[in-house]
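Written out below as structure tokens is the structure these notes cover.
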Number of protein chains: 2
Amino acid sequence: MNGDPVPGRRVPDATVARLPLYLRALAGMAEAGQQSTSSEELASAIEVNPSQVRKDLSGLGITGRRGVGYQVSDLLGQIRSELGLTQSWPVVIAGVGNLGQALANYGGFGERGFEVVALVDADPARIGEEVAGHHVRDIRELDQSARDLVVVIGMICTPGPVAQEVADRMVACGIRSILNFAPALVSVPTGVRVRQVDLSVELQILAFYEQQQDAGDWSPAPAKR
Amino acid sequence: MNGDPVPGRRVPDATVARLPLYLRALAGMAEAGQQSTSSEELASAIEVNPSQVRKDLSGLGITGRRGVGYQVSDLLGQIRSELGLTQSWPVVIAGVGNLGQALANYGGFGERGFEVVALVDADPARIGEEVAGHHVRDIRELDQSARDLVVVIGMICTPGPVAQEVADRMVACGIRSILNFAPALVSVPTGVRVRQVDLSVELQILAFYEQQQDAGDWSPAPAKR
DNA sequence: CAGTGTGAACCTTTTCACAGCA
DNA sequence: TGCTGTGAAAAGGTTCACACTG
């Protein structure tokens, strides 16, 4: 199945971004008891071209059977292993406002091997509160918590202005991957990865296309993501 | 009318995706009382190449002064108008679980011209509740609400399995842009736009790169500044 | 001069087309 | 026969280099 003898080399970023989508589609098929699938079925499930699917998979060294397709269970295992989801990843959330609480309670993480193990905040009123089965701790204990729990992934759910400070603190205690929901860019030393998720950015992009439609009538609606 | 290589205005998707980032950077500058800026400053604020900035702007027909730079206030106005943020967009949220509530309370939308005007849910226990200053209404009244309030943007914050059903309902009442937070792809007729935001996808991508580092030899990955 | 505007080179990603194999 | 695997072409996006101008 895997334990990959490391087939090709570097996986294109665009492929990496699609792996979670394949995973979701495959999980659905497996749950429905489906045994095998095709590049065409996968492609339509995630809305890309079938050759794209074949390129992605073959680039990972994953191979199907010609004339037949891919084995759902194999594929599931291989992609899961490629994404590093065979282990469980402890995660810390900084900032337990509305968004932080929502994420702490969000079931989708656990299902995929991410376990929220600590919540921290700077607001004294919040410290000690119980959220999603955890005590909220003082952010100044982050160092302690992160090391104790071997956390390497942190999520920032604070207001924008303090995001950088929180990120620095995370980096200082050995966190190497940060998912930043605060509406501010944070900068980190090389070797640390940041992904930015700004909810209002997505809305603004929708507004752009909405307004395009109103303004000048383009004949064919692209309909692309 | 003709679907040909139109000389005028076709903004590349990649540019559109950067506009909200420019906007945020510019808003910060304006707030700090800064009068003018350069492609270099903007570039470093959003972490792209300066020529990228000049390409983006000139592609929008926005022009600076050679040897000088761009006027912050002008630029702000032009990008805001390009994004359609001179008007206010009424938005409806379907699903008031943790995430829906967080979004309903999220300040970042209002600042940018998105106003949450209605919350709907299918759970009888939730209907009538007060969330973020709104009564939660029965999702079956969505049609009524959406038309009354001229909503064209909807956010889906329901569990995955009902997302498609909710999307269909939204489309049926005239909503043309959907931001889908549910972990499921929804399909819609052409002319309706969907953007998918899956919180666990982002985490999975981080996990991939995290694992890469652990696994392999240390051929210094670019790690782009 | 400092910093924009832009053609051309370059790189990444997607799509096409078809050979190859169960 | 049906569907994978993959070179080759096309499209899309980014970076370079430099002419140009206030």
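Numbered from 1 within each chain, the chains take letters A, B, ... in sequence-line order.
Nearest heavy-atom pair, B:Cys173 versus B:Arg147, reported as atom, atom and distance to 0.1 Å: CA-NH2, 3.7 Å. Closest heavy-atom contact between A:Ile46 and A:Ala25: CG2-CB, 4.4 Å. Of all non-hydrogen atoms in A:Val166 and A:Ala94, the two that sit nearest each other are CG1-CB, 3.7 Å. A:Ala207 and B:Trp89 make their closest contact through CB-NE1, 3.8 Å (heavy atoms, listed as atom of the first residue, atom of the second, distance).
If you check every strand for non-hydrogen atoms under 4.0 Å, B:Thr63 touches sugar and phosphate atoms only. Across all strands shown, B:Pro12 has heavy atoms under 4.0 Å from sugar-phosphate atoms exclusively, and none from any base.
Atom-to-atom, CD of A:Glu47 to C1' of C:dT14 comes out at 16 Å; the value is rounded to the nearest Å. Between the CG atom of B:Leu75 and the C1' atom of C:dG3 there is a distance of 15 Å, given to the nearest Å. Distance CZ (A:Arg18) to C1' (C:dT12): 11 Å, rounded to an integer number of Å. Between the CG atom of B:Asp56 and the C1' atom of C:dT6 there is a distance of 14 Å, rounded to whole Å. In this entry the distance linking CG of A:Asp13 with C1' of C:dC11 reads 13 Å, nearest Å.
Taken from CZ in B:Arg80 to CD in B:Gln87, the straight-line distance is 13.5 Å, to the nearest 0.5 Å. In this structure, the separation between OG on B:Ser73 and CD on B:Gln78 is 9.5 Å, given to the nearest 0.5 Å. Here A:Thr63 contributes atom OG1 and A:Arg54 contributes atom CZ; the two are 12.5 Å apart, rounded to the nearest 0.5 Å.
From the 5' end on, the contacts that DNA chain D makes with chain A at under 4.0 Å to a non-hydrogen atom open and close at D:dG2 to D:dA8.
A:Gln71 and A:Ser36 share no side-chain donor-acceptor pair at under 3.5 Å.
Heavy atoms of other residues, nucleotides or ligands lying less than 6.0 angstrom from CD of A:Gln34 number more than 12.
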Is there a side chain to side chain contact (heavy atoms under 4.5 Å, CB included) between B:Asp13 and A:Tyr209? Walk through the geometry before answering. CA-CA 10 Å; B:Asp13 290 349; A:Tyr209 290 110; 2.7 Å; yes
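A heavy-atom distance below 4.0 Å to DNA chain C is reached by none of the residues of residues 26-44 of chain A.
The shortest distance between the side-chain N/O atoms of B:Tyr70 and the OP1/OP2 oxygens of C:dG5 is below 4.0 Å.
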Nucleotide by nucleotide, nucleotides 16-22 of chain C touches protein heavy atoms under 4.0 Å in the pattern (B base, S sugar-phosphate only, - none) BB-BBBS
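Judged purely by atom type and a 3.5 angstrom limit, A:Glu47 has no side-chain atom pairing as donor or acceptor with the backbone of B:Leu185.
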